Amino acid sequence: MRIGIVAWDEEDPDSPELASTGRDLGHDMAVFFLEDVSCRDAGGVLETTINGEPAAGFDLIISRAQIRYEHAQTDHERYALLSQVPGLTVLDPADVYLNAESKFLGLQRLGAAGLPVAPTRCCASAAEIGSALADWGEVVIKPTFGLGGTDVERVRHLDEDRALVDGLLAKYGRLVCQPYYPHPEGDMRVTIVGDEAPLIMNRVPHASSWKANAKQGATANMVTPPPELVEISRRAARVMGVTMAGLDFLPTPDGYRIIEFNNCPGWYPAPEDYRRHLTERVIEIFVSIHESKTRVNGHAHDLRRPVP
Ligand SMILES: Nc1ncnc2c1ncn2[C@@H]1O[C@H](COP(=O)(O)OP(=O)(O)O)[C@@H](O)[C@H]1O
Ligand SMILES: [Mg+2]
């Protein structure tokens, strides 16, 4: 099968690893970026291209695409050009992937589905953050589009932290605001692929940080979490319509709560044998989704064929 992987960026270690596993499993693999996607006139129709070749030459695209904050429209266009190619399976399609980029949208949908999300507010002013502080004590503020713990900040006292609050409000306009849940023993990151949870990490913040992101120096332990966390994560991925997801859970006085839904989970902090298991399952599960889709479409096609 010809499989394309939309990589996050040049430094993304997970996409080349996925490609390498795909090759070992006998597939023809290519890694590219959203920037490599374009379109051209092909006899009256606009044909989607990847590095100048017709995207229709691929069977399956696995997306780990980066939607850049400052170029969201261009990036969306390129992604959607891919999603519109007849017969090409893109997992996940642009609309599904884009919706799952937003922390607000994810938490809203998961909460509405009855899943245990952390209490969350949308704060557009220092006064709103002040009232969250009054209700919750210490809070965390962060951008709705973000990753790696960047611009995720703790606020204890509005007066003392005013410069920080004003700076983030000026940069993003509105912020995700949640109670602060200390987690010196780490979070729980459940990685879902299809209906499976092939990788579960407990990410412990570095001594100099309070954030559980690998980019902030956290270390990862491979663990078996309470079964209900796996079930919640599976349901969360289904609610979002996402094929590969990363659920971030923090311990709270009310049990584990989802603080964030990720559409492009990384696995590079995991040991090699775990990474190998994960990448094999990603390729196998994505291929089987493509195959069952093709079977359904092929069948539908047969039904449309005129009776001789
Ligand atoms: N409400 C919270 N309470 C305590 N820590 C938090 C909270 N929200 C985020 N964090 C910490 O900050 C890290 C990054 O926040 P997260 O919401 O996962 O955004 P992202 O990973 O997209 O930057 C989390 O892994 C966690 O360690
Ligand atoms: Mg996170």
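Owing to the predicted nature of the structure, the values given are computational and were not obtained by experimental measurement. In listed order, ligands and their atoms are each counted from 1.
Residue-to-ligand polar distances keep Y180 apart from ligand 1: every N/O pair is separated by 3.5 Å or more. Where the criterion is an N or O separation shorter than 3.5 Å, residue side chain and backbone included, N262 fails it with respect to ligand 1. By the 3.5 Å distance cut-off applied to N or O atoms, P182 is not counted among the residues near ligand 1.
Considering only non-hydrogen protein atoms, atom 8 (N) of ligand 1 sits nearest to K142 NZ, 2.8 Å. Of all protein heavy atoms, the one closest to atom 4 (C) of ligand 1 is Y181 O, 3.1 Å. Residue, atom and distance of the protein heavy atom nearest to atom 16 (P) of ligand 1 are E260 OE1, 3.6 Å. The shortest contact between atom 1 (N) of ligand 1 and any protein heavy atom is with P179 O, 2.9 Å. Nearest protein heavy-atom contact of atom 23 (O) of ligand 1 is G149 N, 2.6 Å. Scanning the protein heavy atoms around atom 26 (C) of ligand 1, the nearest turns out to be H183 NE2, 3.5 Å. The protein heavy atom nearest to atom 12 (O) of ligand 1 is V152 CG1, 3.6 Å. Summary of contacts: the protein heavy atom closest to atom 19 (O) of ligand 1 is K103 CE, 3.3 Å.
The closest non-hydrogen atom to atom 13 (C) of ligand 1, taken over L250, N213, L107, comes from N213. Among F145, W210, F261, the residue whose heavy atom lies nearest to atom 10 (N) of ligand 1 is W210.
Within 6.0 Å of the CZ atom in R234, the count of heavy atoms belonging to other residues, nucleotides or ligands exceeds 12. Few gaps surround OH on Y172; more than 12 heavy atoms of other groups in view lie less than 6.0 Å from it.
Salt-bridge formation is detected for the pair R276/E280: a Lys NZ or Arg NE/NH1/NH2 atom is positioned less than 4.0 Å from an Asp or Glu carboxylate oxygen. We find that D195 and R238 are joined by a salt bridge, their nearest charged nitrogen and carboxylate oxygen being less than 4.0 Å apart. Electrostatic pairing of E128 and R174 does not count as a salt bridge here, judged by no charged N lying under 4.0 Å from a carboxylate O.
Atoms of ligand 1 found under 4.0 Å from any heavy atom of Q178 (numbered from 1 in listed order, with element): 1 (N), 8 (N). Atoms of ligand 1 lying under 4.0 Å from any heavy atom of G148, numbered from 1 in the order shown and given with element: 20 (P), 21 (O), 23 (O). Heavy-atom contacts of G146 reach the following atoms of ligand 1: 22 (O) (cutoff under 4.0 Å). Remark: ligand 1 atoms within the under-4.0 Å shell around heavy atoms of D248 are 18 (O).
For the side-chain contact (heavy atoms from CB on, under 4.5 Å) criterion with N263, the lone passing option out of E101, M240, M244 is E101. A side chain to side chain donor-acceptor pair (under 3.5 Å) with Q178 is found for exactly one of R257, K142, K103, R121, namely K142. Between F249 and the choices I259, N202, V190, the side-chain contact (heavy atoms from CB on, under 4.5 Å) rule is met once, by V190.
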**OP:** In sequence, state the C-alpha distance, the side-chain angles, and the governing distance for T49 and R40, and then conclude on side-chain hydrogen bond (donor to acceptor under 3.5 Å, both in side chains).
**Re:** CA-CA 7 Å; T49 58; R40 68 174 170 213; 5.7 Å; no
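The shortest heavy-atom contact between K211 and A218 is O-CB, 4.1 Å.
Summarising the geometry, atom CG belonging to L229 is positioned 11.5 Å from atom OG1 belonging to T224; distances are rounded to the nearest 0.5 Å.
Residue-level proximity to ligand 1 for K211 is carried by backbone and side chain together, each with a heavy atom below 4.0 angstrom.
Using the six-membered ring where Trp is involved, Y79 and Y97 have ring planes that are tilted, between 30° and 60° apart.
The angle D248:OD2 - the Mg ion (ligand 2) - E260:OE1 amounts to 80°, with values rounded to 10 degrees.
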